[in-house]
*Asks:* 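Have a look at the structure that comes next, please.
Source: prediction; values computed, not measured. Within every chain, numbering begins at 1; the chains are lettered A, B, ... in the order of the sequence lines, protein sequences first and strands thereafter.
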Amino acid sequence: KQEVTQIPAALSVPEGENLVLNCSFTDSAIYNLQWFRQDPGKGLTSLLLIQSSQREQTSGRLNASLDKSSGRSTLYIAASQPGDSATYLCAVRTGANNLFFGTGTRLTVIP
Amino acid sequence: NAGVMQNPRHLVRRRGQEARLRCSPMKGHSHVYWYRQLPEEGLKFMVYLQKENIIDESGMPKERFSAEFPKEGPSILRIQQVVRGDSAAYFCASSPPVWETQYFGPGTRLLVL
């Protein structure tokens, strides 16, 4: 059964710092991996989707990498801003039907 | 193009009552997924539906929970005889072809008293 782990569970950084969030999964037979952002009391916003054949995806200050064979992904956030404060969720798709989510990393960017 | 709509956003029920959660997918999306997020836990898949069909309900509790996605109208997640342990955020997502990104709604937060 697929299990997704995110480390650290919480992270506080000063504004302007670059940071890395980690995601690991136990079953490397995935179709894609997706990073989401969740604000308190809100839904999920998709940030980046990496297909299994890809190594990384970039969007603005965000860069996500995927090492399928080792079961790992990282989300790199450059020049962090207070508005980046949220919970970041990693999810893998191993079949047609559903996503397996990690428990998230709660990020606080201190002004 | 409006996003995925869910209502109500907040729902309070007493033990033993029924809860009905509604989800309207994005325009043009015919695939709907329901997920549950228990307090301090990650999202867990419940059920995957296409129009008028349940494709995968492997994550759905065997009793009291049911889901439908009729030909017309929103998808409905129904919880009968709610218990306190059903208190959670319930998220709906939709997608066009199944391999595409899932787009999530804002969720319904159910509180069972």
Side-chain angles (χ1 to χ4, degrees), chain A residues 1-10 21-27 29-54 57 59 62 64 66 73 86-106, chain B residues 2-10 21 23-26 29-50 53-60 67 69 88-111:
Chain A
K1 183 189 172 190
Q2 180 71 265
E3 292 185 8
V4 182
T5 304
Q6 290 187 247
I7 295 173
L21 307 180
N22 297 292
C23 171
S24 60
F25 46 95
T26 54
D27 184 350
I30 65 169
Y31 290 100
N32 59 47
L33 182 145
Q34 202 164 353
W35 282 94
F36 293 88
R37 169 186 173 137
Q38 185 176 24
D39 292 282
K42 301 285 180 63
L44 279 67
T45 302
S46 179
L47 299 173
L48 290 164
L49 181 146
I50 311 176
Q51 301 292 351
S52 62
S53 58
Q54 298 176 320
Q57 281 286 337
S59 175
L62 305 180
L66 174 63
S73 176
T87 296
Y88 289 80
L89 299 170
C90 164
V92 299
R93 173 172 253 165
T94 55
N97 303 335
N98 67 81
L99 297 172
F100 287 89
F101 282 86
T103 51
T105 294
R106 188 177 303 153
Chain B
V4 178
M5 311 283 284
Q6 289 188 252
N7 66 82
R9 296 290 305 277
H10 299 274
L21 288 61
C23 169
S24 296
M26 287 180 69
H29 289 190
S30 58
H31 301 261
V32 166
Y33 311 78
W34 285 93
Y35 294 83
R36 176 167 66 174
Q37 186 176 36
L38 293 167
E40 304 302 321
E41 292 189 18
L43 278 80
K44 295 287 195 291
F45 167 78
M46 298 181 74
V47 62
Y48 160 49
L49 310 102
Q50 295 181 23
N53 288 303
I54 296 174
I55 307 302
D56 181 355
E57 55 183 349
S58 59
M60 193 96 97
F69 189 15
Y90 292 82
F91 290 95
C92 167
S94 72
S95 72
V98 70
W99 305 106
E100 295 288 328
T101 300
Q102 293 182 15
Y103 295 85
F104 281 77
T108 293
R109 279 144 186 89
L110 171 66
L111 176 62

*Asks:* Flag yes if more than 12 heavy atoms outside A/Arg106 fall under 6.0 Å of its CZ atom; otherwise flag no.
*Replies:* no

*Asks:* Working to the nearest 0.5 Å, report the span between CD of B/Gln102 and CZ of A/Arg93.
*Replies:* 4.5 Å

*Asks:* A/Gln6 versus chain B, heavy atoms under 4.5 Å apart: side chain, backbone, both or neither?
*Replies:* neither

*Asks:* What part of A/Phe100 is in contact with chain B, defined as an atom under 4.5 angstrom from a non-hydrogen atom: side chain, backbone, both or neither?
*Replies:* neither

*Asks:* Return the CG to CG distance between B/Leu43 and A/Leu99, rounded to the nearest 0.5 Å.
*Replies:* 9.0 Å

*Asks:* For side-chain hydrogen bond (donor to acceptor under 3.5 Å, both in side chains), just list the numbers for A/Gln38 and B/Gln37, CA-CA rounded to whole Å, side-chain angles, deciding distance to a tenth of an Å, and then say yes or no.
*Replies:* CA-CA 12 Å; A/Gln38 185 176 24; B/Gln37 186 176 36; 3.2 Å; yes

*Asks:* Assess whether atom OH of A/Tyr88 is packed by more than 12 heavy atoms of other residues, nucleotides or ligands within 6.0 Å.
*Replies:* yes

*Asks:* Hey, what do you get for OH (B/Tyr35) to CZ (A/Phe101), rounding to the nearest 0.5 Å?
*Replies:* 5.5 Å

*Asks:* What are the two closest heavy atoms between B/Phe91 and A/Leu44, and how far apart are they?
*Replies:* CE2-CD1, 4.2 Å

*Asks:* Looking only at heavy atoms, which two atoms of A/Gln34 and B/Thr101 are closest? And how far apart?
*Replies:* NE2-CG2, 2.8 Å

